[in-house]
Amino acid sequence: AWRRAWRAAGDHPADTRKDRAGEPAFRAAVAEHLLRHRGLAAGAASVVLATAGTSAGVGELASALLRPGDTVAIEDPGYQRAVGALRAAGIRVLPVPIDADGLRVELIPPGVRAVYCTPAHQFPLGARMQAARRVELIEFARANGVFVIEDDYDGELRYDTAPLPLLAAMAPDVVVHLGTTSKIIATTLGVGWLVARPDIADAVLAWRAETGTAPSPAGQRVLSEFARHGDLARHLRRLRRVVPPRRALVVDALARRGLPVVGDDAGSHVVVELPDAAAEQRAIAAARDRGVLLDGLARHHLAAAYRFGVAIGYTAPSTADLVAAVPIAADCLAAARHDLPR
């Protein structure tokens, strides 16, 4: 199915110019995907634009809607590539702590122009923003005249319960929705989407026209062809079958060593917390010595780090590599947590 999509995409004649909004077939495929899999109706109240991914979408929103020196609140710990995209546009990024319910709305600094968050599956800690917190965030945005950037980077990957409504479905007037193929297909495809009310979409298109930029149509055509025959929907159904056993393999290996995981049963990674920065560094160093790379939580903070541990991805490695690597990671984490000799 994947090869067929690439062949069909390659049958298109050479373009003389890009469609700055994105290929029409791609935008239609995304609209159907969002309605079917994320409960978001992109219609008269909103416009779907193609992007090169969520980080690119954040950068475009910052450049099109904000001015250098404006401030944006972001989850802390949070997604550092979004931080980088905002800073590259001259935006000041202000950290906001999170808890088990998501971003703490009452701690958003005054005067921000926008709020960036990952409500479906907080990155990196994996919490799901609860319904009451979502309402609180929307009310804050409306009361203060700010917009919310909803990064739904892996919202399709939920295995335990039905997802909560997207912020964009609850409040299209103040929420810009970003999605990507990075977690559901491949990070290298470089294709994503932005859903926003018409004036915001127009501002992004105007910025693209001024700068001569537009997302590449190649990946868009591959995805639209992949979706056209129902292969994207079948692929997502398969993911929801094959990924949970991978997650269970990781969770079980950690549990056998007394290591609970943090976050919802969703997405493509789990988090193991450690007591302090020293324990995190011990675990990372020990695993590296045995050929396994671990991603520490400390580097995902903007302010002083207050959550320590590692995030363990379980979707990218082959099954053989995952089976080989997880026991090593678990051993190193257990030793670091209890300060045991290696």
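Inter-residue side-chain proximity for Val135 and Met170 is flagged as met; some heavy-atom pair is nearer than 4.5 Å. Taking the side chain as every heavy atom from C-beta outward, Leu61 and Leu194 approach each other to under 4.5 Å. Contact of the Val261 side chain with the Arg247 side chain is registered, since non-hydrogen atoms from C-beta on lie closer than 4.5 Å. Proximity of Asp295 to His300: side-chain heavy atoms (C-beta onward) are separated by under 4.5 Å at one or more points. Counting heavy atoms from C-beta on, the side chains of Trp207 and Thr213 come closer than 4.5 Å. Taking the side chain as every heavy atom from C-beta outward, Leu205 and Arg208 approach each other to under 4.5 Å. Annotation: side chain of Tyr79 is in contact with side chain of Ser55 (closest heavy-atom distance under 4.5 Å).
For the atom pair CG (Asp152) and CD1 (Ile149), the distance works out to 14.0 Å, reported to the nearest 0.5 Å. We find the CD1-CG distance between Ile184 and Leu232 to be 5.5 Å, quoted to the nearest 0.5 Å. Here CD of Glu156 is found 9.5 Å from CD1 of Ile185. Values are rounded to the nearest 0.5 Å. Taken from NE2 in His121 to CG in Asp264, the straight-line distance is 6.0 Å, to the nearest 0.5 Å. Interatomic distance, His338 NE2 to Arg257 CZ, rounded to the nearest 0.5 Å: 11.5 Å. In this structure, Leu297 CG and Leu274 CG are separated by 8.0 Å, a value rounded to the nearest 0.5 Å.
The backbone N or O of Ala278 sits less than 3.5 Å from a side-chain atom of Asp276, completing a donor-acceptor pair. Under the 3.5 Å distance criterion, the side-chain polar atoms of Glu23 are left unmatched by any main-chain donor or acceptor of Gln220. Judged by distance alone, with hydrogens and angles left aside, the side-chain atoms of Glu75 form a donor-acceptor pair with the main-chain N or O of Thr118 at under 3.5 Å. Under a 3.5 Å cut-off, the side chain of Arg134 and the backbone N or O of Pro119 do form a donor-acceptor pair. When atom types are taken as modelled, the side chain of Ser63 and the backbone of Glu60 share no donor-acceptor pair closer than 3.5 angstrom. The main-chain N or O of Ala336 is found under 3.5 Å from a side-chain atom of Arg282 such that the two form a donor-acceptor pair. Under the 3.5 Å distance criterion, the side-chain polar atoms of Thr54 are left unmatched by any main-chain donor or acceptor of Thr180. In terms of modelled atom types and a separation under 3.5 Å, the side chain of Asp101 and the main chain of Gln130 share no donor-acceptor contact. Listed for the Gln122 side chain is no donor-acceptor partner under 3.5 Å among the backbone atoms of Ala120. Using a distance-only test at 3.5 Å, with no hydrogens or angles considered, no donor-acceptor pair links the side chain of Tyr314 to the main chain of Ala248.
Contact between Leu189 and Gly219 at its shortest, heavy atoms only, is CD1-CA, 4.1 Å. The minimum heavy-atom distance between Arg36 and Ala233, with the atom names listed, is NH1-CB, 3.4 Å. When every heavy atom of Pro215 is checked against every heavy atom of Ala50, the shortest pair comes out as CG-O, 3.5 Å. Scanning both residues, Thr71 and Val112, for their nearest heavy atoms gives OG1-CA, 3.2 Å. Counting all heavy atoms, side chain and backbone alike, Ala73 lies closest to Pro109 at CB-CD, 4.3 Å. For Asp70 against Arg113, the heavy-atom pair with the smallest separation is OD2-NH1, 2.7 Å.
If you chain together hydrophobic residues whose side chains sit under 4.5 Å apart, Ile74 and Val148 never meet in one group. Hydrophobic clustering (ILVMFWY, side-chain heavy atoms < 4.5 Å, transitive): Ile200 and Leu166 are in distinct clusters. With hydrophobic clusters built from ILVMFWY side chains whose heavy atoms lie under 4.5 angstrom apart, Ile108 does not share a cluster with Phe147. Hydrophobic clustering of Ile, Leu, Val, Met, Phe, Trp and Tyr side chains at less than 4.5 Å, counting indirect connections, keeps Val176 apart from Val96. If you chain together hydrophobic residues whose side chains sit under 4.5 Å apart, Leu34 and Leu223 fall into the same group.
The aromatic rings of His33 and Trp193 sit perpendicular to each other, their planes meeting at more than 60°, with 30° as the lower class boundary.
Atom CZ of Arg246 has more than 12 neighbouring heavy atoms from other residues, nucleotides or ligands inside a 6.0 Å radius. The number of heavy-atom neighbours closer than 6.0 Å to CZ of Arg234, taken from other residues, nucleotides and ligands shown, is above 12. Residue Arg142 qualifies as enclosed at atom CZ: its count of foreign heavy atoms under 6.0 Å is above 12.
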Inset, instruction - Might you work through the side-chain contact (heavy atoms from CB on, under 4.5 Å) test for Val58 and Val72, ending with a clear yes or no? - result: CA-CA 11 Å; Val58 169; Val72 172; over 6 Å; no
Inset, instruction - I would like to know whether Phe26 and Val191 meet side-chain contact (heavy atoms from CB on, under 4.5 Å); could you show each step before the answer? - result: CA-CA 10 Å; Phe26 170 79; Val191 174; 3.3 Å; yes
Legend entry - Worked verdict on Val272 versus Arg337 for side-chain contact (heavy atoms from CB on, under 4.5 Å): CA-CA 10 Å; Val272 177; Arg337 187 176 189 182; 5.6 Å; no
Inset, instruction - Please assess Leu164 against Met129 for the test side-chain contact (heavy atoms from CB on, under 4.5 Å), listing each intermediate value before the final yes or no. - result: CA-CA 9 Å; Leu164 290 169; Met129 184 180 287; over 6 Å; no
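With sequence neighbours left out, Asp19 forms a side chain to side chain donor-acceptor pair (under 3.5 Å) with no residue at all.
Using a 4.0 Å cut-off between charged side-chain N and carboxylate O, Glu225 and Arg228 make a salt bridge. Taking the charged nitrogens against the carboxylate oxygens, Arg133 and Asp99 do have a contact shorter than 4.0 Å, which makes a salt bridge.
Screening residues 176-201 for salt bridge (charged side-chain N to carboxylate O under 4.0 Å, His left out), with sequence neighbours left out, gives Arg197-Asp199.
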List the atom pairs, donor and acceptor, that lie under 3.5 Å between side-chain atoms in residues 2-13 and the rest of the protein, sequence neighbours left out.
| unit_1 | atom_1 | unit_2 | atom_2 | d |
| --- | --- | --- | --- | --- |
| Arg4 | NH2 | Asp231 | OD1 | 3.4 |
| Arg4 | NH2 | Asp231 | OD2 | 2.6 |

